[in-house]
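Atoms within each ligand, like the ligands themselves, are counted from 1 in listed order. Side-chain atoms are counted along with the backbone in the values below, which use heavy atoms only and exclude waters and symmetry mates. Positions are given from 1, in the same order as the sequence printed here. Just so we're clear, the structure is a prediction, and the values are computed from it rather than from any experiment.
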Amino acid sequence: MCGIIGYSGGKQAAPILLKGLERLEYRGYDSSGIAVTDGGAISVVKAVGKIKALDEKTNGGKTPHGTVGIGHTRWATHGVPSDVNSHPHVSQNGMFAVVHNGIIENFAELKAELIAQGVKFASDTDSEVIAQLLQYYYEGDELDAILTVMRRISGSYAVGILCADYPDVIYAIRKDNPLVVGLGANENFIASDFAAALEHTHDFVQLGDGEIAKLTAHAVTFYDGDGKPLKKTPYRVDWDISQAEKGGYPHFMLKEIYEQPRAITATVRPRVKGNQIVLDKIAFDAKNVNRIEKIDIVGCGSAYHAGIVGKAFIEKYCRIRVNCELASEYVYSDPITDNRTLTVIISQSGETADTLAALRLAKKRGSHTIAIVNVVESAIAREADDVLYTYAGPEIAVATTKGYTTQVAALYLVGLKIAKIKHTVSDARYSEMLKELTELPDKITRALADIEQIKNYADEYAAHKCVFFIGRGTDYAASLEGALKLKEISYIHAEAYAAGELKHGTISLIENGTITLALVTQSALYSKMLSNIKAVQSRGGTVLSVASPKNEQIRENSDGLLLIPDCDDDLTPILTAVVLQVFAYYVAAARGCDIDKPRNLAKSVTVE
Ligand code: F6R
């Protein structure tokens, strides 16, 4: 949620920290701050609001002086957004400054204990307790103090630490919260997301749970939780920094919508080898597959919606029962799972706390886990038994677009792979679906060619307060994602409904002019959808249909129509998703919303 960057090198630190924070702004953004050491004293500057405010307060990074520093963007959890609650937090005597992501669960007890010892706190945050504890335990050996503090705090954390006695050094610690160390030439970095340091280096090391990193300009040393040195292997991130920039688009969201043909190609093409699907190192063989009695798909938000699309597809092709679960519910539901259940964990960021907890629980109960993840070496990718990366590239806009469609594509690959092994799909159908899958990128490009038409409808409906999305089968699954996209970025209340369910209560909300987007891509369900649409219209509702060419005759019974390119009925959710993303984007644009950074939301939700 919040973002961390740290720099130790030979250049003025502040501009590097500011630029890094800008790149992290999508993670959380009600306030920000930096701390820089300059020959023994720690200078701190903080600002409420966007990074621009911090930029102004530091004269574009000309001040404070110093070549070592840490920075933070905050998404408030404990204490309102304010200068005093923003990070970095400094210990009472100014010896330590810390930036923290996560939640210190026992902060109240620790704070009370320190207050009883005469320590004075400046903020309402849980994070300040780390700085005050460091000061409390510090007797000249900063590593000792850090190790003691790690033993005292519980909860989740990624922390960057400066100590005034060691002005060339940054320390970093983490538990259940992402933190990477970036390795440069005569400069080193810490970051909660490697996008923040990508313009300086492509070589990173993941800090593990309970580990410590000590960085100077010329060296990085790692320690375990007992203070013993650790050897860690760096990995290379091939993402290009231009991928993390807007590249001429007004918003990251629109850029990422347009990146979908490339993202789906990157996710699908390398895995389709002739008539074979090769899923990286995942050992799908007859023995493993025939043991699967049930599949649980687990994720949050859009990842969960991708799972619902995947459920329909996998059940149809593999004839295996699939449960799709919200990670936050799964963890507390005492799930029935064991080694006959395959658990598919979906997460773009690979760091979502609820999803990570679900993965750990599934593993503990003996289930084999496969993670569908975008961010390389993220916590979920590392902890799952197997990982299938989506190659969407960095996703910066808070609302996921290419992250979601590549997850759906990956689920199609998994479904077809299992179906082929189980012989639940005919050879002809299997080959046809492989061909269709590889044609999807071109079809997305064609869907985007009609962007003006989608924009016109978006402009027309932008003033509405409430929108319904209806569909049947996978169109219902796609409706869920369409409604989420619209509400999160445009703040219009949107609700997705299984079209046949409307009459069981919700239809009472339809009145003159209520907008309903009806998804009509499932030819077998056409006549049923037609009745549902008529029921909406006869109550005065306005219906904009999103249909496939096979169902184009729905035009006669719709107030507007958006056509997706012709495609197999089983794969339409990716194309309807693209159209609904564009629709949500232009509705939000017409309403003047902050599209890439919707209020109250953060990209990577690392708290439960
Ligand atoms: C919606 C959205 C969220 C995420 C959810 C899971 O546009 O982006 O609903 O899908 O927070 O995030 P990941 O996939 O990173 O686990």
Original post:
Got the closest protein heavy atom to atom 15 (O) of ligand 1, with its distance?
Top reply: S349 OG, 2.7 Å
Original post:
For atom 12 (O) of ligand 1, which candidate among T352, L356, V375, V373 provides the closest heavy atom?
Top reply: T352
**OP:** Identify, by atom number and element, the atoms of ligand 1 in contact range of A303, meaning under 4.0 Å from any of its heavy atoms.
**Re:** 10 (O), 14 (O)
**OP:** Report, in ascending order of atom number, the atoms of ligand 1 lying under 4.0 Å from any heavy atom of A399.
**Re:** 7 (O)
Original post:
Among all protein non-hydrogen atoms, which one is nearest to atom 11 (O) of ligand 1, and what is the separation to 0.1 Å?
Top reply: V605 CG2, 4.2 Å
**OP:** Check ligand 1 against G301 and write out every atom of the ligand that is under 4.0 Å from a heavy-atom position of the residue.
**Re:** 9 (O)
Original post:
Taking the non-hydrogen atoms of K485, is any one of them nearer than 4.0 angstrom to ligand 1?
Top reply: yes
**OP:** Please list all pairs passing the ring-ring contact (aromatic ring centres under 6.0 Å, His included) test where one or both residues lie in residues 367-412, with sequence neighbours left out.
**Re:** F313-Y412
Subject >> Contact atoms of ligand 1, heavy-atom distance to S347 under 4.0 Å >> reply: 13 (P), 14 (O), 15 (O), 16 (O)
Original post:
Are the aromatic rings of Y249 and Y258 close, with centres under 6.0 Å apart?
Top reply: yes
Subject >> From R174, K175, R382, residue fulfilling salt bridge (Lys or Arg N to Asp or Glu O under 4.0 Å) relative to D209 >> reply: R174
Original post:
Can you pull the ring-ring contact (aromatic ring centres under 6.0 Å, His included) pairs that have at least one residue in residues 458-479, sequence neighbours excluded?
Top reply: none
Original post:
Backbone or side chain, does any N or O of S302 fall under 3.5 Å from an N or O of ligand 1?
Top reply: yes
**OP:** Determine yes or no for a side-chain-to-main-chain donor-acceptor pair under 3.5 angstrom, with K402 supplying the side chain and K255 the backbone.
**Re:** no
**OP:** Measure up the Y157 and H100 rings against each other and bin them: parallel (under 30°), tilted (30 to 60°), perpendicular (over 60°).
**Re:** tilted
**OP:** Compute the minimum heavy-atom distance from V398 to ligand 1 and say whether it is under 4.0 Å.
**Re:** yes
**OP:** Identify the residue among I282, V373, I346, V344 that makes a side chain to side chain contact (heavy atoms under 4.5 Å, CB included) with L388.
**Re:** I282
Subject >> Of the listed options Q407, K487, E488, closest to atom 1 (C) of ligand 1 (non-hydrogen atoms) >> reply: E488
**OP:** Identify, for atom 5 (C) of ligand 1, the protein heavy atom at the shortest distance, and state residue, atom and that distance.
**Re:** C300 O, 3.5 Å
Subject >> Six-ring centre of Y586, K455 cation under 6.0 angstrom, axis tolerance 45° >> reply: yes
Original post:
Do you see a donor-acceptor pair shorter than 3.5 Å between the side chains of Y317 and D570?
Top reply: yes
Original post:
Any idea which protein heavy atom is nearest atom 14 (O) of ligand 1, and the distance to it?
Top reply: Q348 N, 2.6 Å
